[in-house]
Asks: 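Quick one: the structure is below, questions incoming.
Heavy-atom basis, side chains included; hydrogens, waters and symmetry copies ignored. In what follows, every chain begins at residue 1, and chains take the letters A, B, ... in the order their sequences are listed. The model shown is predicted, which means the values in this text are computed figures rather than measured ones.
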There are 2 protein chains.
Amino acid sequence: MTRVEVEYCVPCGMLNRAQDVSEAILKQFGEGVDEVALVTGDDGVFVVRADDEVVFDKTEDEYDVDAIVRAVKPHVGATA
Amino acid sequence: MTRVEVEYCVPCGMLNRAQDVSEAILKQFGEGVDEVALVTGDDGVFVVRADDEVVFDKTEDEYDVDAIVRAVKPHVGATA
């Protein structure tokens with residue numbers, strides 16, 4: 001069971017960015033992940049978690065979709 | 001807590017359709033939903049659930065993004 005969460009700031013207009021991350025992860029891993037959840041938030045949040053472990057936080061990391069996909073990879077099941 | 005699930009068939013190439021539904025729901029309701037999860041599946045599945053209640057199943061309903069959004073609406077919190 002691999003669950004990825006992309007929590008994004010709704011009022012900041014980060015939906016498109018969250019969708020780009022979601023799409024990249026699902027295209028790369030398919031059924032290797034169980035789900036990618038787009039979680040609504042505010043206050044500037046943009047955090048990606050894989051199985052509850054933070055793999056990207058925009059307050060600490062530079063935004064790079066490929067880097068986020070790579071950071072998710074160790075959490076992906078063997079069925080990918 | 002409103003959770004919407006979009007379960008889609010990965011090998012059938014339904015990711016784009018699942019993303020269209022996810023985007024329409026999140027654009028409409030924003031923080032009125034807590035999350036929209038894209039759930040990977042196979043065997044032709046395309047089902048949308050709101051708080052575990054099936055609101056769309058492609059084996060029974062005609063695909064219509066606007067109709068799916070309307071079906072989710074009764075499940076949306078008052079913060080929308």
Asks: Determine the minimum heavy-atom distance between A:V33 and B:T40, stating which atoms define it.
Replies: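 In this case the closest contact between A:V33 and B:T40 is O-OG1, 2.6 Å.
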Asks: In terms of heavy-atom proximity below 4.5 Å to chain B, should A:V39 be classed as side chain, backbone, both, or neither?
Replies: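 Backbone plus side chain of A:V39, per the 4.5 Å heavy-atom cut-off to chain B.
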Asks: What part of B:E7 lies closer than 4.5 angstrom to a heavy atom of chain A: side chain, backbone, both or neither?
Replies: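 For B:E7, no heavy atom lies under 4.5 Å from chain A.
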Asks: Below 4.5 Å from any heavy atom of chain A, which atoms of B:N16 appear? Answer side chain, backbone, both or neither.
Replies: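 Contact with chain A involves the side chain of B:N16 alone.
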Asks: Treat each ILVMFWY residue as a node, draw an edge where side-chain heavy atoms are under 4.5 Å apart, and state whether B:V54 and B:V45 are in one component.
Replies: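 Yes, same cluster.
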Asks: Using a strict threshold of under 4.0 Å (side-chain N to carboxylate O), is an ion pair present between B:E5 and A:R3?
Replies: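 B:E5 and A:R3: not salt-bridged.
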Asks: Out of curiosity, does A:Y8 fall in the hydrophobic cluster containing A:I68 (side-chain heavy atoms, cut-off under 4.5 Å, transitive links)?
Replies: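 A:I68 and A:Y8: one cluster.
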Asks: Between A:E23 and B:Q19, which heavy-atom pair has the shortest distance, and what is it?
Replies: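 Between these two residues, the closest heavy atoms are CB-NE2, 3.1 Å.
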Asks: Return the option, out of B:L15, B:V6, B:L38, B:V10, with the maximum number of heavy-atom pairs under 4.5 Å with chain A.
Replies: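 Greatest number of close heavy-atom pairs with chain A: B:L38.
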Asks: Determine, using the 4.5 Å side-chain heavy-atom cutoff (strictly less than), whether B:V55 and B:V4 are members of one ILVMFWY cluster.
Replies: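 Yes, it is one cluster - the side chains of B:V55 and B:V4 are joined through contacts under 4.5 Å.
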Asks: Would you say B:I25 and B:V65 are hydrophobically clustered, going by side-chain heavy atoms of ILVMFWY under 4.5 Å?
Replies: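 B:I25 and B:V65: one cluster.
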Asks: Is there a continuous path of hydrophobic side-chain contacts, each under 4.5 Å between heavy atoms, that joins B:V36 to B:V69?
Replies: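 As far as the 4.5 Å side-chain criterion goes, B:V69 and B:V36 are connected within one cluster.
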Asks: Can you tell if the side chain of A:D42 reaches within under 4.5 Å of the side chain of B:E31, non-hydrogen atoms only?
Replies: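 Heavy-atom side-chain distance check passes, below 4.5 Å.
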